[in-house]
Each structure stands twice: as C-alpha cells, then as structure tokens.
Amino acid sequence: MPFQRVNGIVIHHRVEGNADGPTLVFANSLGTDFRIWDAVVERLAGACRIVRYDKRGHGLSEATPAPYAMDTHVDDLKGLIDHLGVTNPLVIGLSIGGMIAQGLAHRHPLLAKGLVLMDTAHRIGTTELWDQRIAAIEKDGIGSISEHILERWFTPQFRRPPNPDFVGYSNMLLRTPLPGYLGSSAALRDADYTEATAKIDLPVLCVVGDQDGSTPPDLMRSTADLIAGSRFEIVKDAGHLPCIEQPEVTAGLIADFAAEVFSTATGR
C-alpha cells in the first residue's frame with residue numbers, strides 16, 4: 001500500500017492501470033475512501049493510468065486536527081500529483097472531491113487537461129447546515145446522523161439491509177476518523193467557488209445521480225451553467241454515489257469524455 005508524505009501529512013494512494021495511457025485522478029467524497037471507485041476503475045484501467053488517494057482524514061491517510069480548509073485539500077492533491085510526476089490529468093472529483101477539483105483548476109489552471117465534476121456544486125449546503133452537522137457529530141458521533149446521510153447517498157432500492165454493499169459502505173461512513181469528517185465538513189462550510197468556477201477554462205463534464213439527496217440535479221446543473229462549454233449528464237437510478245450504484249454508466253461517461261479530452265480511445 002503506497003504511502004507518501006506530501007504537504008506535511010502522509011497520504012495513502014494507489015497508482016494502477018495502463019502506464020502508457022492518459023492519467024485519470026480520482027478524488028472521493030466526504031465520509032468515504034478511494035474504494036468507492038473500484039467498479040469504475042475496473043472498467044477504465046485497461047486503457048488509462050489511474051491515480052486514487054484518500055484525502056486528509058479519510059481512509060488510511062493521516063488525520064490532522066479539525067478544522068480543515070478547502071485550500072489545504074487542494075494543496076494535498078497538488079502535492080501528490082507533483083510527487084507522482086503526473087502531467088495533464090483528467091481530474092474526477094465527487095462531492096467534496098469535486099470541490100477540490102474546482103479549487104485545483106482555479107489555483108493551478110494549467111495543471112489539468114479537464115475535469116469531471118460528479119454530484120458536487122460550486123457551493124454545497126449552508127453555514128447553518130454544516131454547523132448543525134458538526135455539532136451533532138461532536139456530541140453523539142457520526143452514527144447519530146448516519147441514517148440521514150445514507151438516505152441522501154443511496155436510492156431506496158440500494159438502501160436495503162440484505163444488500164451487502166449497503167452494509168459495507170455504511171461501515172465505511174461510520175468508521176471515518178472523526179477529525180477527518182469534522183475537518184472536511186468545516187472545509188465544505190467555508191468554501192464557495194461560485195466566482196472561481198465561472199472562470200474555469202477547461203473541458204468539463206458534470207454528472208449527477210437522478211436521486212441525489214445531497215447535491216440534487218438542479219444544483220449540479222446550476223454549477224454546469226457557470227462553466228462555459230461544459231456538458232451535463234444525469235445518471236438514472238443513482239443517488240449521491242453513481243460510481244457505486246451505476247458503475248458501468250459512470251465509467252462509460254468518463255471514458256467517452258476522456259476520449260474527447262485526450263483524443264484517444266480509452267475503452268470501458
């Protein structure tokens with residue numbers, strides 16, 4: 001399991017796939033680690049070089065004390081990209097990962113070849129919402145609000161106790177280090193990329209699950225509308241994490257967009 005110290009902390013990451021193919025960099029959502037991309041990566045690794053990582057305070061990466069700033073998450077990813085010697089990647093970010101991608105494009109406009117923004121927005125939630133969530137978790141832990149979170153993440157069909165995948169991803173949420181969840185919640189509370197995202201001058205694909213309860217389609221569409229020339233796609237029968245519920249469709253959208261961006265076949 002590769003670990004590397006970047007930006008002052010140890011980041012857990014994985015590089016796999018076709019070393020000669022175009023590079024896809026994946027940034028995952030709040031309360032998850034890079035395993036949420038497993039089924040998508042299986043469909044893309046034959047043609048692409050894949051970089052995945054656990055952001056600060058998640059998975060096996062180091063958890064520093066809360067609160068975090070979104071710029072810190074951006075600096076972590078930039079440091080990892082520099083360490084790996086990645087050039088001109090397509091950066092795919094989900095939820096807070098999508099905000100990290102937007103921040104990366106804003107602060108380092110020549111770094112990425114393009115962006116895939118999934119189930120995210122230029123501004124997610126309100127200060128009041130995040131303060132309430134932070135207070136609830138500080139008082140009673142993630143488990144106290146996990147049912148509410150999981151309802152936003154997954155469709156009712158997926159969200160059934162007999163479904164082993166649902167149980168597994170529920171455990172992923174519940175086992176997220178508290179400093180990481182609280183720190184990243186503060187980063188989301190304080191981040192507003194409305195003006196910055198409107199200035200992005202890259203190919204951008206915006207994707208959202210049709211039943212996303214965290215960043216609904218209308219919110220995702222409002223973000224796409226800010227970015228000149230961006231594409232907008234809705235994934236049917238998916239909540240906040242289409243990469244889990246609809247990996248084949250999600251991988252297909254990424255592959256087709258990557259083929260356009262890199263002008264090469266990327267497979268599925």
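- Under the 3.5 Å distance criterion, the side-chain polar atoms of Gln4 are left unmatched by any main-chain donor or acceptor of His83.
- Here the closest heavy-atom approach between residue Asn88 and residue Lys113 is recorded as O-CB, 3.4 Å.
- The nearest pair of heavy atoms linking Ser214 to Arg152 is OG-CB, 3.3 Å.
- Other residues, nucleotides and ligands contribute more than 12 heavy atoms inside 6.0 Å of the CG atom of Asn171.
- In the model, Asp33 has no side-chain atom that pairs as donor or acceptor with a side-chain atom of His58 under 3.5 Å.
- Between Leu117 and Gly98, the shortest heavy-atom distance links the atoms CD2-O, 3.6 Å.
- With Asp54 contributing its side chain and Leu60 its backbone, the two residues share a donor-acceptor pair below 3.5 Å.
- Between Asp82 and Lys78 a salt bridge is recorded (basic side-chain N to carboxylate O distance below 4.0 Å).
- One finds the CZ atom of Arg133 at 9.0 Å from the CG atom of Leu188 (value rounded to the nearest 0.5 Å).
- Side-chain N or O atoms of Gln102 include none that pairs as donor or acceptor with a backbone N or O of Thr194 at under 3.5 Å.
- Side-chain heavy atoms closer than 4.5 Å link hydrophobic residues (I, L, V, M, F, W, Y) into clusters, and following such links, even through other members, never connects Val167 to Met172.
- The two residues Trp153 and Leu30 make their nearest non-hydrogen contact at CZ2-O, 3.3 Å.
- Formation of a donor-acceptor pair under 3.5 Å by the Ser146 side chain with backbone atoms of Gly143 is found in this model.
- For the pair Arg14/Val41, no side-chain contact is recorded, criterion being any heavy-atom separation below 4.5 Å from C-beta on.
- Following chains of ILVMFWY side-chain contacts shorter than 4.5 Å, one can reach Val91 starting from Val15, so the two form part of one hydrophobic cluster.
- Put simply, the side chain of Thr197 gets close to the backbone of Tyr193: a donor and an acceptor are under 3.5 Å apart.
- Although no hydrogens or angles enter the test, the distance criterion places a donor-acceptor pair under 3.5 Å between the side chain of Arg160 and the main chain of Gln157.
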Applying side chain to side chain contact (heavy atoms under 4.5 Å, CB included), run through Leu104 and Ile81 and close with a yes or a no.
CA-CA 11 Å; Leu104 191 73; Ile81 288 172; 4.1 Å; yes
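- When atom types are taken as modelled, the side chain of Ser29 and the backbone of Ser95 share no donor-acceptor pair closer than 3.5 angstrom.
- Ring geometry for Tyr169 versus Phe158: interplanar angle of 30 to 60°, hence tilted.
- No single ILVMFWY cluster, assembled from side-chain heavy atoms under 4.5 Å apart, contains both Tyr68 and Leu80.
- Counting only heavy atoms from C-beta outward, the side chains of Trp130 and Asp190 never approach each other to under 4.5 Å.
- Looking at Leu24 and Ile50, their side chains come closer than 4.5 Å, going by heavy atoms from C-beta outward.
- Counting heavy atoms from C-beta outward, His12 and Ser61 have side chains that approach closer than 4.5 Å.
- Thr23 contributes no side-chain N or O that, together with a main-chain N or O of Pro89, makes up a donor-acceptor pair within less than 3.5 Å.
- The CD atom of Glu62 sits 8.5 Å away from atom CD1 of Ile11, with the distance rounded to the nearest 0.5 Å.
- Taking OH of Tyr181 as the start and CD1 of Ile137 as the end, the distance is 5.0 Å to the nearest 0.5 Å.
- In this structure, the separation between CZ on Arg159 and OG on Ser170 is 10.0 Å, given to the nearest 0.5 Å.
- When all heavy atoms of Asp71 and Arg107 are compared, the pair lying nearest together is O-NH1, 3.3 Å.
- Atom CZ of Arg35 sits in a sparse spot, with 12 or fewer heavy atoms from other residues, nucleotides or ligands closer than 6.0 Å.
- By the criterion of side-chain heavy atoms lying less than 4.5 angstrom apart, applied directly or through intervening Ile, Leu, Val, Met, Phe, Trp or Tyr residues, Ile227 is grouped together with Met99 in one hydrophobic cluster.
- Around the CZ atom of Arg175, the shell of radius 6.0 Å holds no more than 12 heavy atoms that belong to other residues, nucleotides or ligands.
- Annotation: side chain of Val25 is in contact with side chain of Leu77 (closest heavy-atom distance under 4.5 Å).
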Checking Arg43 against Glu248 for the side chain to side chain contact (heavy atoms under 4.5 Å, CB included) test, could you report, in this order, the C-alpha distance in whole Å, the side-chain angles of both residues, the deciding distance, and whether it holds?
CA-CA 7 Å; Arg43 293 164 166 84; Glu248 184 169 358; 3.7 Å; yes
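- The main-chain N or O of Glu233 is never found under 3.5 Å from a side-chain atom of Arg221 such that the two would form a donor-acceptor pair.
- At a threshold of 4.0 Å, the pair Asp76-Lys55 does not count as salt-bridged, since none of the basic side-chain nitrogens sits closer than that to a carboxylate oxygen.
- Here the side chains of Asp237 and Thr155 are not in contact, with every heavy-atom distance at 4.5 Å or above.
- Note on ring orientation: taking the six-membered ring where Trp is involved, the planes of Phe26 and Trp37 are tilted (angle from 30° to 60°).
- Closest approach of Val208 to Pro217, counting heavy atoms only: CG1-CA, 3.8 Å.
- Considering only heavy atoms from C-beta on, Asn18 stays 4.5 Å or farther from Arg49 through its side chain.
- Each of Met118 and Phe34 belongs to its own hydrophobic cluster when Ile, Leu, Val, Met, Phe, Trp and Tyr are linked at side-chain heavy-atom distances under 4.5 angstrom.
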Give the C-alpha distance, both sets of side-chain angles, the deciding distance and a yes or no for salt bridge (Lys or Arg N to Asp or Glu O under 4.0 Å) between Asp75 and Arg56.
CA-CA 11 Å; Asp75 289 342; Arg56 178 182 296 250; over 6 Å; no
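- Using a 4.5 Å heavy-atom cutoff, the side chains of Pro109 and Asp201 are not in contact.
- Formation of a donor-acceptor pair under 3.5 Å by the Ser230 side chain with backbone atoms of Val204 is not found in this model.
- To the nearest 0.5 Å, atom CG of residue Asp192 and atom CZ of residue Arg123 are 5.5 Å apart.
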